Each structure stands twice: as C-alpha cells, then as structure tokens.
Asks: 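A single structure is presented below for examination.
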Amino acid sequence: MLEPIKIKEDLFYVGVNDRTKELFENLWPLPKGVSYNSYLLKDEKTALFDTVDICYSDVFFQKLETALGGKDLDYVIINHMEPDHSGSLGLLRTRFPNVQIVGNKRTADMVEGFYGITENVKIIGDLEELPLGKHNLKFYLTPMVHWPETMMTYDMTDKIVFSGDAFGTFGTLDGGILDTQLHPERYYDEMIRYYSNVVGKFGSPVQKALEKLSNLEIKYICSTHGPIWTIPEQIQKVVSIYDKLSKYEGDEGVVIAYGSMYGHTEQMAESIAYELAQQGIKEVILHNVSKRSHSYIIRDIFKYKGLIVGSPTYNNRLYPDVEYLLSKIENRDMKNRYFGYFGSFTWAGNAVKRLAQFAEGTQFEVVGNAVEVKQSMSFEKYKDCLALGKAMSERLKQDR
Ligand code: FEO
C-alpha cells in the first residue's frame, strides 16, 4: 500500500518514481530515474495538479484515492499536456466521471486529440482565477515552457506555484520529496541537464515566464519533476539557474567535444586542454562524442562559455556523432559562446571546412585559428593547438 505524502495540512504529493525507463522522451538517459509529480489540494473543492505517466497509473490512483479519503475529485488542473504528465488523464476521467478538466484553449485541443475527451473541459484564460474554498487559484499562461499549452498555477492562499516542467530535475525522489529532506545540490546538475536537453530551445519564452512570476510571493515551487522547493535560498537558487540558462549565460570554462577513431584528433583535443590549464582555466571538460551521451555534452555546453569542437573527416563529411551533436546545438539556438574548432583527415580534408560553415550559421564568436592535421600531429600542428587553447583562454579572461 503506497500512501500519499502530506506536504502541508491540505496538500498531498501523489506522484510516482520511474526507475525503469532508460531514456526520457526516448532520447535522454535516466541513470538516476525520474519522478512524475502530481499534487492534490483538498479544500471545499478538490483539485489535482497534473497526472503521471500511464505506466505508473496503478500506484498513482492508489495514492490519489487514499488522499481523497472518500471525497470526489472536482478538478484536474492540466499545467502541461506532455504524456509524462497527462498520460493517466483518460483513466482519471473513467474513475472520476465528474471531474472537470481545467486548462487553456490549447490544452483543450490536446485533451481531445490525445484522449478523445471533449466533455466537461473548463477553458480558462491568462490570469483567470478559480476559487476552491479557502484556496484561490490563479492561472498564468506560460507558452513554450515547454509546449505551447504550458501554464503555471498559483495558489494565492498558500503562495504555491505549480510550475509544470519548470524548475524540475531528472532523478527520483528517494524518500524525501521536499528540499528540507534531502541535499538539494544532488539535483542541480540534473536540473541543468533537464533544462538544456528538454526545454533548452525556449530561452525567450522561459524569460517571459520568469518575468510574469517575478512579482509573486513564492513559498513553495511544486514542479512536475524532482524535489519541491521550499527553502527561500533554494527557491532563489533554482530561479537563478533558470534565469541564467534561459539567457544562455555560461560560466568560465571550456567544453572540448571531439570525435576520434584512432586517437589523432583526440591528441589535438588533449593539447588544447593542456594549454587551457596552463593558462589558468580550471573548468576544462573533454567529451568524446562517441562515448558520452550527448545529453551530458549539451548540459555542459549550457554551463560553460567556451566551446571547442574537433572532428576527423569521415566519408568526406564530419564524423557522424559530431554532426549529430552540432545539429542538437543548432536546434537549441545556442548563443553567447566562444567557439574554436579543429579536425583531421587522411587523404581528403573536409571536417574543418564544415565546422567553419557551422560556425558561420551560429551566433558564436569564433576564437583563435582552426587547426587541421593530416594523418598525425606534427610539432607545428601541436603548437597550433596550443595557440588555439591560448586564444580561448585569453578571450575568457577578458570577461573576468
Ligand atoms: Fe515533463 Fe514536457 O514534460
């Protein structure tokens, strides 16, 4: 018997942990799993905030029914329709036929498209309010954080933001669900990985959402993934993480992402990294694109201002995994990065040319001279790699 967890006298956590799924959205690795958070507010009227992935509906309904304690469910507020949250909506309507589904116009369209539900759907507008009794809810439409229908709901009485994906993290909730019950630092990197991979393309809508929330007094942030943020410093911290990431601001540091079949391109990466360290850059992260899930590389590219990409020529093009990584960077409209590049070839070079084309298509500032090696690294090319590392370090130091 799985019990709901009481957050405060009339607010219950009825979410679940997923320790089975390998890839979130079938794309992003989940070594520490993920939680799908759902909350029940019990007032004169009862309101559920989002549901959970359908694979976990049994556990979810068990918790929900226990938390309701015989009361009927009046509303389900849909802050986000992605099926990791709306997945149990069809079953919810079957179990609670009177429940009103609350969302905006775009939500209603998706509720019909995904679940064939058109009856008893309450469409609300931006800043509209819904009284539950003691609690008064207010809806804030925040499109594209992460889908067009996304919104946040603010409990004006207890100053709680039900934020959807925003401020969420990968990683299950192992016992503790509130930031007071765990070490929040454990989740920061997974928050950045969630943001950069899943929401990363939508920096400007995230900025608009933050602006919209900026005047609210917030005592709790109840996201759909990861811990509930309640400690004032933690609330400030997670909001500032989102602010920084959505402005594409990076810290001093360099990600060197490279492909290498037999180690020659890797030697170039090592030489550049060596010089960066010599020049006093302490955050230098080398990623072998064939070995490391791109999800982590993207996370680090969001964290640091410097990016250097290296690739051997493969079938007269870039190395496939480098090409794939670059498409992910482009797809996220990355900005504000210092960019360097290098490559190698055996009989016909094209990788460096293609990296130059990539650079032209971005809003990155190109730093240093690209280095291209034929077959294996000569002493001159080694020096050129050091020069590239030095140029990057000098550019970074200008911002100190
Ligand atoms: Fe957690 Fe956009 O879904």
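Start at 1 with the first residue, then count along the sequence. All figures in this text were calculated on a predicted structure; none of them were measured in a lab. All ligand and atom numbering here is 1-based and tracks the order in the structure.
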Asks: Tell me, please, if Asp84 has any N/O/S atom, main chain or side chain, under 2.8 Å from atom 2 (Fe) of ligand 1?
Replies: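 Given the 2.8 Å cut-off, Asp84 does not count as a ligand of atom 2 (Fe) of ligand 1.
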
Asks: Between Glu190 and Lys32, is the closest basic N to carboxylate O distance under 4.0 Å?
Replies: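 A salt bridge is absent here (no side-chain N lies under 4.0 Å from a carboxylate O).
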
Asks: Please identify which of these residues, Phe162, Tyr39, Tyr36, meets the ring-ring contact (aromatic ring centres under 6.0 Å, His included) condition with Tyr13.
Replies: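 Only match with Tyr13 under ring-ring contact (aromatic ring centres under 6.0 Å, His included): Tyr39.
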
Asks: Kindly say whether the aromatic ring centers of His225 and Phe24 come within a distance under 6.0 Å.
Replies: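 Yes, ring centres under 6.0 Å apart.
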
Asks: Flag this pair as yes if the NZ/CZ of Arg299 is under 6.0 angstrom from the six-membered ring centre of Tyr296 and inside a 45 degree cone about the axis; otherwise no.
Replies: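 Pair Arg299/Tyr296 does not count as cation-pi.
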
Asks: So, His85 and atom 1 (Fe) of ligand 1: N/O/S under 2.8 Å, yes or no?
Replies: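 Yes, within the cut-off.
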
Asks: For atom 2 (Fe) of ligand 1, which N, O or S atom of Asp165 is at the shortest distance?
Replies: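 The atom in question is OD2.
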
Asks: Of all N, O or S atoms in His146, which has the smallest distance to atom 2 (Fe) of ligand 1?
Replies: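 Distance check against atom 2 (Fe) of ligand 1 picks out ND1 in His146.
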
Asks: Would you kindly check if the NZ (Lys) or CZ (Arg) of Lys328 is within the cone defined by 45 degrees around the ring axis of Tyr324 and under 6.0 Å from the six-membered ring centre?
Replies: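 Satisfied, under 6.0 Å and within 45°.
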
Asks: Check Glu82 and report its N/O/S atom nearest to atom 2 (Fe) of ligand 1, by atom name.
Replies: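 It is OE1, the N, O or S atom of Glu82 closest to atom 2 (Fe) of ligand 1.
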
Asks: Report yes or no: does His80 have an N/O/S atom closer than 2.8 Å to atom 1 (Fe) of ligand 1?
Replies: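 Coordinating: no.
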
